[in-house]
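The analysis underlying the following values was restricted to heavy atoms, covering all of them including side chains, and did not include hydrogens, waters or symmetry mates.
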Amino acid sequence: MNKNAGLMSMSKTITLRIEDPIYDIFKKAAEGERRTISNFVENAAIQYLTNEFYASDEEMDEILSDKQLISSLKKGLKEVAQGKYKVVR
């Protein structure tokens, strides 16, 4: 069971090719936390993704309480549905 993801599933194996200096950094960091390198990398990736790609409850409350922002987002979604947008390259 992967405790961090909260899901019961079979473990998957991935191959990660890294240069020796990066490996040494992972190894030292894992040893510092008394983890295997595999477990360290897994936890570091989960922590990064959670912090970078998800809003906390406090952040979401702040977003949802901004009436002007919500109105603007709804207007934007409506315009997209109507095809009123440009792709900027």
*Find the distance between CZ (Phe40) and CD1 (Ile25) and round it off to the nearest 0.5 Å.*
10.0 Å
*Quick check: are there more than 12 heavy atoms from other residues, nucleotides or ligands sitting under 6.0 Å from CD of Gln47?*
no
*Transitively linked via ILVMFWY side-chain contacts under 4.5 Å: Ile46 with Val41?*
no
*Point-to-point distance, once rounded to the nearest 0.5 Å, from CD of Gln68 to CD1 of Ile70*: 11.0 Å
*Between atom CD1 of Ile37 and atom CD1 of Ile18, what is the distance when rounded to the nearest 0.5 Å?*
7.5 Å
_CD-NZ distance between Glu42 and Lys12, expressed to the nearest 0.5 angstrom_ = 13.0 Å
*So with a 6.0 Å cut-off around CG of Asp20, is the heavy-atom count from everything else above 12?*
no
*Under a single-linkage definition using a 4.5 Å side-chain heavy-atom cutoff for Ile, Leu, Val, Met, Phe, Trp and Tyr, are Leu73 and Val80 assigned to the same hydrophobic cluster?*
no
*Separation of Arg17 CZ from Glu19 CD (nearest 0.5 Å)*: 9.5 Å
_Can you tell me how far apart OG (Ser38) and CG (Leu16) are? Round to the nearest 0.5 Å._
10.0 Å
*What do you reckon, is CD of Glu62 surrounded by more than 12 foreign heavy atoms closer than 6.0 Å?*
no
